[in-house]
Amino acid sequence: MTTSNAEDARAELLRLRDSIDNIDAAVIYMLAERFKATQQVGHLKAAHQLPPADPAREAQQIARLRRLAESAKLDPAFAEKLLNFIVAEVIRHHERIAEEAGGKS
Ligand SMILES: O=C(O)C(=O)C[C@]1(C(=O)O)C=C[C@@H](O)C=C1
């Protein structure tokens, strides 16, 4: 590789990393908004003695996200794993909210 080729590659790497950093920031902001919404769901469920998890809803979400992933040329198995990872954390939050609400009544 000539010096100029190495410099071009370095510039291209920096350009791509800029884009990756912007995408990562957007993902973090979107996840923060999602967790704000699910925290409200957690309080609603606790107030009405609804279970933290809703497997039927999750099945619908997985089917929908797998379809979206396929049309976006993203691995549907990865989309499913990602949703399951996020939802597991949400369920932990819901359980904590329900425990705290239970302690107050
Ligand atoms: O929709 C709900 O009932 C939620 O509690 C939200 C949510 C989610 O994070 O999307 C989390 C847990 C449920 O099992 C299903 C979905």
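For ligands, and for the atoms within them, numbers begin at 1 and follow the listed sequence. Numbers here are sequence positions counted from 1.
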Task: Pair E99 + R96, salt bridge at N-O below 4.0 Å - done: no
Open item on the list: Less than 3.5 Å apart, any donor N or O on the side chain of Q39 or H43 sitting next to an acceptor on the other?
Closed with: no
Salt bridge (charged side-chain N to carboxylate O under 4.0 Å, His left out) partners of [range], not counting sequence neighbours, each pair once:
range	value
residues 44-67	R66-E80
residues 10-22	E12-R15
residues 30-41	E33-K36

TODO: For ligand 1, list the protein residues that place a heavy atom within a distance below 4.0 Å of one of its atoms, sorted by chain and number.
DONE: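 Ligand 1 pocket, heavy atoms under 4.0 Å: R34, T38, V41, K45, P52, A53, D54, R57, E58, Q61, V87, V90, I91, H94.
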TODO: Measure the shortest side-chain to side-chain distance between I62 and N84 over non-hydrogen atoms and say whether it is less than 4.5 angstrom.
DONE: yes
